[in-house]
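Model, not experiment: these values are computed from the prediction.
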Amino acid sequence: METAPLLSVVIPVYNGERFIGTMIDVFRAQKTQNFELIFVDDGSTDSSLSLLRSYARSESFPITVVELEPKGVSAARNAGLDRVRGRYISFVDVDDRVVPEYTTVLQELVDAGTDFELFFSRSQRVGPEGPFEGIGSFSGSIAMTSENMLKKIGSDPTQFGVYNMFLDAAFVQENGFRFTEGYPYYEDYDYLFRVTARAKKIRMTSDRLYFYLLQEGSAVATFKLARITCIELLEGLITPLKYEAPGFAAMYENYVLPRIWWSVMWQACLAFSMKDALAFGKAAGMREKMKKLANCDDPKVSTSAKLYLVNPPAFVAAAAVAGKSRSKIERTDVTPFLDYFQK
């Protein structure tokens, strides 16, 4: 009988042919070969599927390839969850990378008898050329309560994602944790907050195990209405968090959600003219949201929130200038957004 792997790595793929070979190389280089890769092709139109099938036939470690009609990353991850055989689960994006000690850390935790439902590591944002340095030896981990972990995530949500975790497969299955489908944005935060709020046994390391790649030369993005409508997914967490993580619920409602709106407003300043951006902010009730952020610990957020409260046009101008070097967002008609807020 084939021995089940320790770790099942779920990797969604959509038109990822140029990344697949590197991802295979990354796992070939793992110092501990105790895993399976589950690639879920989400209706790719390039050669991703045939490439994945070829690797599945030739590699020494187990590779499962799941073919889907295009349904989005949440459906792809759920399809991967249906196929896991490992004791633990992780999520990796095909265009990112992990350190060579990625699976060794998990093996060391298990060998030491460390009991956890969720294990969090650090990640690092890098360009396509890296650097991609290993960690050497595992520095160990500390226990975290769910509320303390939620506060850490909430205080700097850009540093955490579903890719930062090893999850106990039994914990995931017993609680029926699935990604909410039909939401192209924030589905990862929704999952992250839900599983963390429920977990009783959490460990965290300061070691960096994951590289989040910032791709150069990305196409011009469109500021879509779905960026707004999908926030309802996160707003739906307010009530369950009050029940499962009451010590975090106030922070979530008064900082985490307003901070997401702050980032949306920042993007709106790039997508709209000055006049339209101001109209968007007024319709979205940004003044009340900025009031909640004016005294937060993040100096960039607090300073810009105070600027908005004092001089909204100055905020729009500053965001438009600062954002051009980081985001490429095409100009968009504000009318659908204003119509949405009026409903």
With a distance cut-off below 6.0 Å to the six-membered ring centre and an angular limit of 45° from the axis, does [X] pair with [Y] as a cation-pi contact?
X	Y	value
Lys291	Trp262	no
Arg203	Phe119	no
Arg125	Tyr212	yes

Enumerate donor-acceptor pairs with a distance under 3.5 Å from any side-chain N or O in residues 235-251 to protein atoms, sequence neighbours excluded.
unit_1: Glu244; atom_1: OE2; unit_2: Arg198; atom_2: NE; d: 2.4
unit_1: Glu244; atom_1: OE2; unit_2: Arg198; atom_2: NH2; d: 3.4

Measure up the [X] and [Y] rings against each other and bin them: parallel (under 30°), tilted (30 to 60°), perpendicular (over 60°).
X	Y	value
Trp261	Phe341	tilted
Tyr102	Phe166	tilted
Phe160	Phe120	perpendicular

Above 12 or not: heavy atoms from other molecules or residues under 6.0 Å from NZ of Lys201?
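Yes, NZ of Lys201 has more than 12 neighbouring heavy atoms, counting only those of other groups under 6.0 Å.
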
Any luck finding a side-chain donor-acceptor pair between Thr32 and Asn34 under 3.5 Å?
no

Please determine, by modelled atom types, if Thr103 and Gln30 share a side-chain donor-acceptor pair under 3.5 angstrom.
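Side-chain D/A pair, Thr103 to Gln30: present.
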
Compare all side-chain heavy atoms of [X] with those of [Y] and state whether any distance is below 4.5 angstrom.
X	Y	value
Ile24	Leu37	yes
Met265	Tyr308	yes
Phe116	Asp168	no

Do the side chain of Asn78 and the main chain of Phe179 share a donor and acceptor less than 3.5 angstrom apart?
yes

Residues forming a salt bridge (charged side-chain N to carboxylate O under 4.0 Å, His left out) with Lys31, sequence neighbours excluded
Glu101

